[in-house]
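First up is the structure itself, then whatever we jot down about it.
For reference, positions follow the sequence shown, starting with 1. Keep in mind that this is a model prediction, so the values were computed, not measured.
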Amino acid sequence: MAKTEEEDNKNGSMSRFKRRELAISCMLNTEVGSVLAVIRRAPDLSSQFYPNVEDNCDPNILQSLKSLRAIIFNPQQEWRTIDPSMYISPFLDVAQSDDVPAAATGVALSAFQKIMKFNVFDDKTPGAKEMINSSVSAITGCRLEKTDHVSEDAVMMKILISLTSIMRHKASFLLTDESVCTLVNICFQVVQQSAGRGDLLQRTGRFIMHDMIQMIYSRLPEIEVHDWENEESDTEEGSLDSRFGIRSAVDIFHFLCSLLNVVEVVNVEGLMSQTADENVQLFALVLINSAIELSGDSIGKHPKLLRMVQDDLFHHLIHYGTCSSPLVLSMICSTVLNIYHFLRRSVRLQLESFFSFVLLKVASLSTNQLQEVALEGITNFCRHPTFIIEVYVNYDCDPTLHSVFEEMGKVLCKNAFPGSAVLTSLQVQAFEGLVSIIHNIADKIDKDDDTSPSGPYPVEITEYRPYWVEKSKEDVDMDTWVDWVRVKKVQKRKLLIAGNHYNRDHKKGLEYLKFSNLISDPPDPKAYAIFFRYAPKLDKTTIGEFLGDPDPFHLEVLREFTKTFEFNGMVLDSALRTYLESFRLPGESQKISRILEVFSDRFFDQQASEIFVSKDIVMVLCYSVIMLNTDQHNPQVKKKMTEEEFLRNNRGINDGDDLPREYLSDLFQSISTSAIKLEDEANVPMEMNPNRWIQLINRSKIIEPFALVNFDRRLGRDMFASIAGPSVATLSAIFEQADDEEILHECIEASFSIARIAQYGLEDTLDEIICSFCKFTTLLNPYASPEETLYAFSHDMKPKMATLAVFTIVNTFKSSIRGGWKTIIECLLKLKRLKLLPQSIVKFDPTSEESTSHGENNDEGGGFQHHDSKFPRQRRSSGIIGRFSNFLSMDNVEESLSLGMSEFEQNTKIIQQCHIGSIFSGSSSLPNETILSLGRSLISSAAGKGQKFSTAIEEEETVAFCWDLIYILASANVRRFVSFWPQYHDLILGAAQFPLFSPIPFAEKAIMSLMKICLRHLSLDQPDKVTEELIFKSINLMWKLEKEILDSCCEFLIQSINKILIDYPSKLQTHLGWKTIMHLLSVTGRHPETYGLGVDTLINLMDEGTHITKNNYAYCIDCAFGFVALKNSPQEKNLKLMDLMSESVHLLVQWCKAAYSDPGSSFSMSSNASSSSQEEQYKAINYANFTMNLFIKLGEALRKTSLARREEIRNHAIESLHRSFSLAEELCFTPSNCINCFNLVIFAMVDDLHEKMLEYSRRDNAERETRSMEGTLKLAMEVLSEVYLQFLSPISESPNYRQFWLGILRRMDTCMKADLGEYGESKMKDVIPELLKKTILKMKEKEILVPREGDDLWEITYIQIQWIAPSVKDELFPDV
């Protein structure tokens, strides 16, 4: 069963094979019959072209056809193995025969096409190669009889189709190079011959030729490179390849390039002129473009083909680029773009010339129809992913080449800049190109995964580097190469500056080269030479004078300068023209001689021919050429030299022999036709001429190849910096002029992309783009009223778009803004006056600081989401368009109206989308420089600089708003307060010097904000001491500017102080802080509405006592005294304060004991006598003295209180003082301390009270006050006596004790003899004797007052008692 199936399958396959073989036989039989039928067909009697009968045909042709028919159905072997010439040749013979009718030719060609389509043979068939090549010869030699045009076109069509079938056949690769070239040539001939005939034939010919070119060059990547291709000559040596390959590709490409030069004769006003055939040029460019596209970079592997692209093709493209039609220029741009893509490594200088001499030149023309095409070409180039960065690196960063990228950017800006209200298509085209550049840079420079550095910027030249030396990217690491390129760009910019200086004063120009480290020390002649050769627009006259100078260094510069020229392949006059174009030949003969001598050396060394025997002959001929040039082109020379005379003058100069006559004749014709320009033409635009082209080709062989560059953030930033100014200005102008919503959106997207670039070191550009778009918000018009501004903002979409764009940029890139903050603050102030800002902007939530720094969103506070998932950072600008689409489209406006939203609500909605609050609340991540710039703008605005206020209320609201923003800013950055606030303080101090500065309300709002900042600082877990010092320094500055502000904002201050002293007293660490707080508490507590909270705050602080330290003790005492001294203050509060003051002595005692007992911090009684212990003892003694000073401070406060008007207060003050001394007994009272306390406190108190009592006694109707004061004095004297006796022992040890004791006696004497006038005798007479008696008895008891030899204290006391109280003399001194 299985065997039967296998046999059936085998039989089936054989059956199918036989059927196919039979089908081929049938096909061939049919075609033979068709041909014979046409040949035998009776002729058309009306035709004059056919003889008429079959007998006139070549019998061999008929016989071959009949023979083929005879064997068709009986082939001896498979058709695939039969030599194809057997069944193809008869048909080709018919096509070539002169004896068959034209119709037979067409039928024969159709038969050939069918055979080729049936694939009767393949590349392995015997005789296939010979047959397929002979088919080409036969078809191209096909006879065409003249009949009617339709018939002829039909035959030609079949010829083209037949040629195509050959190229499409499986065995087509067996074609020889000659055959392939023949195919292409025949196709082109058909195209050309059909130009005046049917359009269909021409279109078909073009299509088929295009198809052939594609088939030929698509095979180029598979073709191996041969050794003969590396030779410069065009001859091909070595064995011929039997298959078509690079030779045909080269020949066909050469042929296509030559088509660019095809001319047509045009009759212009009766004059015949030649011009390039545009149709042929376009066709040739299409074919060349296809060849390049299909070949790809494989062209670069074949040197001959590459040289053709480098030289012939580019020369034609550049030549015709500026003088062709827009369509041709467009195709040229497309071709060059393909060459750039595939072959840019090998065409660096050619690309530069195309951009400089074609695209940029045409784009700079005005009122030229080519201009828009050139701009479109530039735009297409800039859209290529690598173009702009590679062009910048290869050209803009090379001091010897044009700055192509910069010139492109500026040309686009110039053409896009609107000159009228309506944008033209040309301006829109240029705008699209500019925008594509901006987006291209932004998308690549601002990538999340890019970890490359962005600094430093700008680059500085710190050392000498030869600026003409190129460094290959492959030789060093990426960072080193990027640094090298960036430095070269700076060197190029410095060279341009030096060139400007040089043209004004050549000495200063050369000095600037040295100053900029562009010239070595000692100077390198080559540096000067390269500067003279490649620096643009230099004064050619001064260059010539420098080069002709006889100084040895100048001669070296001349030689180096001449070495920059490549004269290979140039004749003498071309070389001389090129050389003398770079400078003006000086007039002095010796200078001319030196210059021509060096030129002759260079020219002679680079000549491949042996025309000249020596370089001296070159120099002689140079003189002769220059003289001929003068003779032929000087209008003052009337009789011109003839060619024969020129030849005669140069006989025998070649070392006795004549130079070739043809050579001299060509020189004469060239000079007489075109003069060598010897004058200075610095301002004449350069044109690409044959001489320059030869220079370019020669230089391209030695220059570094085009560098392939991956985008680097540093290079991208530098690149955009070169066009930043014009770009921003252009975008601003277009946004101002345009009304089309799409254009407006494009402007804003571009501005956002600029901001993305500018964040990497281009802060000035970011400021510029912000300020530019702020103009369109209508918020900066100083002459418009709020109503006018609001109307303009509400009724135009452009201000809303600008506002949203500005604040989106600010939120996203605020860390890079510097000077732009001033404009931003002005816009905010205007929005504030228009009441469009939400109140949440000036509210700061301390808990949101961490979340804000991590980028969390806060809708009300304006927390802008930096990395919104909807708007990837790769193109964050798309987020703006999303917002505009949502909020600023016309549909949305109509929707808002349908929902009943008012204009104010719509405006508020727009402002909410600006997220203004997050600018300040989310500032914790901003760099210090940004914080300083923002603070500078806020403080300046708060001080009124640049502000015009219509009312006092408006001024107050503006100042308050600015200070609220400063508070939010400082609070958000409180942890780094010390890094920026010192500068803020200086700015505040400087603001006070403004001519129109008003301390109110500036100082008032400032101190309120500073207090809030202080509270924010103290709320931290570990507040910084330096920060506290800075805050209180500024607070003190504010209230000193205008002391009245403490009264105007007393309620706020007292509440703030209360919170500080209740919640954060332990966090106040500085003297200045406590001093300021206690001073403000004392001052603000004077008001009736604030007194209660103020005094309770102080009582709470002193009563608790925990937070009173040696640092703040004195300030607390001063504050307490301030409250007690207030008139009409509640008595119980005053008594409580005085009690607390006296009780505070416990703290002094505690600190004093700690100073002596703490072994870790100060002196210990058990310490040894080492040097360190002595130092500690010294510190402890100083600390004890400090404590004593605090006690004196307390005593003085109570002493002053003892003079209060109310008797209860005075008396309680004395009692408190007495208690203070009683509690202070454990203090370290030395004799000097005791006497000091008496002098400053008790003696002063007694003296003041005594004087006050006498003062009252002299007043009328003041008896009550006098007696009241007398009672207080009595208490004071009693305290004096008690305290004296308490400290009698240490006081008595003082060397000044005698004087001190006399002071006490004197005061008792004064009180005894007090005269109260009309109010009667003083009651002190009853008190003093008892006090005196008590005191002296105690002194006697302690044997302090006893008779001693050499001590007159006893005698003096006795004498004083006789004067003071004689009544107790006997009792006290019974023995005297």
Distance-only donor-acceptor check, side chains Thr1272 and Arg1210, under 3.5 Å:
yes

Across all chains, not counting sequence neighbours, the salt bridge (Lys or Arg N to Asp or Glu O under 4.0 Å) partners of Glu1278 are none

Partners meeting salt bridge (Lys or Arg N to Asp or Glu O under 4.0 Å) with Glu1143 (sequence neighbours left out)
Arg1219

Please, which pairs that meet side chain to side chain donor-acceptor pair (under 3.5 Å) have at least one residue in residues 1116-1128, sequence neighbours excluded?
Asp1118-Lys1193

More than 12 heavy atoms of other groups within 6.0 Å of Lys1313 NZ
yes

First locate atom CD of Glu1196, then atom CG of Asn1189, and finally report the distance between them rounded to the nearest 0.5 Å.
9.5 Å

Greater than 12 external heavy atoms within 6.0 Å of Glu1089's CD:
yes

Please list, chain by chain and in numerical order, all residues satisfying salt bridge (Lys or Arg N to Asp or Glu O under 4.0 Å) with Lys1325, sequence neighbours excluded.
none

Worked verdict on Glu1226 versus Lys1153 for salt bridge (charged side-chain N to carboxylate O under 4.0 Å, His left out):
CA-CA 8 Å; Glu1226 295 185 62; Lys1153 288 181 178 180; 2.4 Å; yes

If I take atom CG from residue Leu1316 and atom CE from residue Met1324, how far apart are they, to the nearest 0.5 angstrom?
10.0 Å

Under the side-chain contact (heavy atoms from CB on, under 4.5 Å) test, which residues partner Ile1062, sequence neighbours left out?
Asn1058, Asn1100

Here the ring pair (Phe, Tyr, Trp, His ring centres under 6.0 Å) pairs for residues 1037-1056, sequence neighbours left out, are Trp1039-His1079

Can you check whether Tyr1256 and Tyr1319 have ring centres sitting under 6.0 Å from each other?
no

Taking only residues two or more places apart in sequence or in another chain, which ones pass side-chain contact (heavy atoms from CB on, under 4.5 Å) with Ser1034?
Trp981, His985, Leu1010

For residues 1090-1141, the ring pair (Phe, Tyr, Trp, His ring centres under 6.0 Å) pairs (sequence neighbours left out) are Tyr1091-Phe1123, Tyr1113-Trp1151

Step through the shown structure and confirm whether more than 12 heavy atoms of other residues, nucleotides or ligands are within 6.0 Å of CD on Glu1355.
yes

How long is the gap from NZ on Lys1075 to CD1 on Ile1077, to the nearest 0.5 Å?
13.5 Å

Can you establish whether the number of heavy atoms outside Glu1132 located under 6.0 Å from its atom CD is more than 12?
yes

Looking at residues at least two apart in the chain, or sitting in another chain, which of them share a salt bridge (Lys or Arg N to Asp or Glu O under 4.0 Å) with Arg1205?
none

Applying ring pair (Phe, Tyr, Trp, His ring centres under 6.0 Å), which residue pairs with at least one partner in residues 1269-1295 are found, sequence neighbours left out?
Phe1229-Phe1287, Tyr1284-Phe1300, Tyr1284-Trp1301

With sequence neighbours left out, what residues match Leu1203 under side-chain contact (heavy atoms from CB on, under 4.5 Å)?
Asp1248, Leu1249

Compute whether any side-chain donor of one residue and acceptor of the other, for Ser1129 and Arg1206, lie under 3.5 angstrom apart.
yes

Applying side-chain contact (heavy atoms from CB on, under 4.5 Å), can you list everything that pairs with Lys1334, at least two apart in sequence or on another chain?
Glu1282, Leu1285

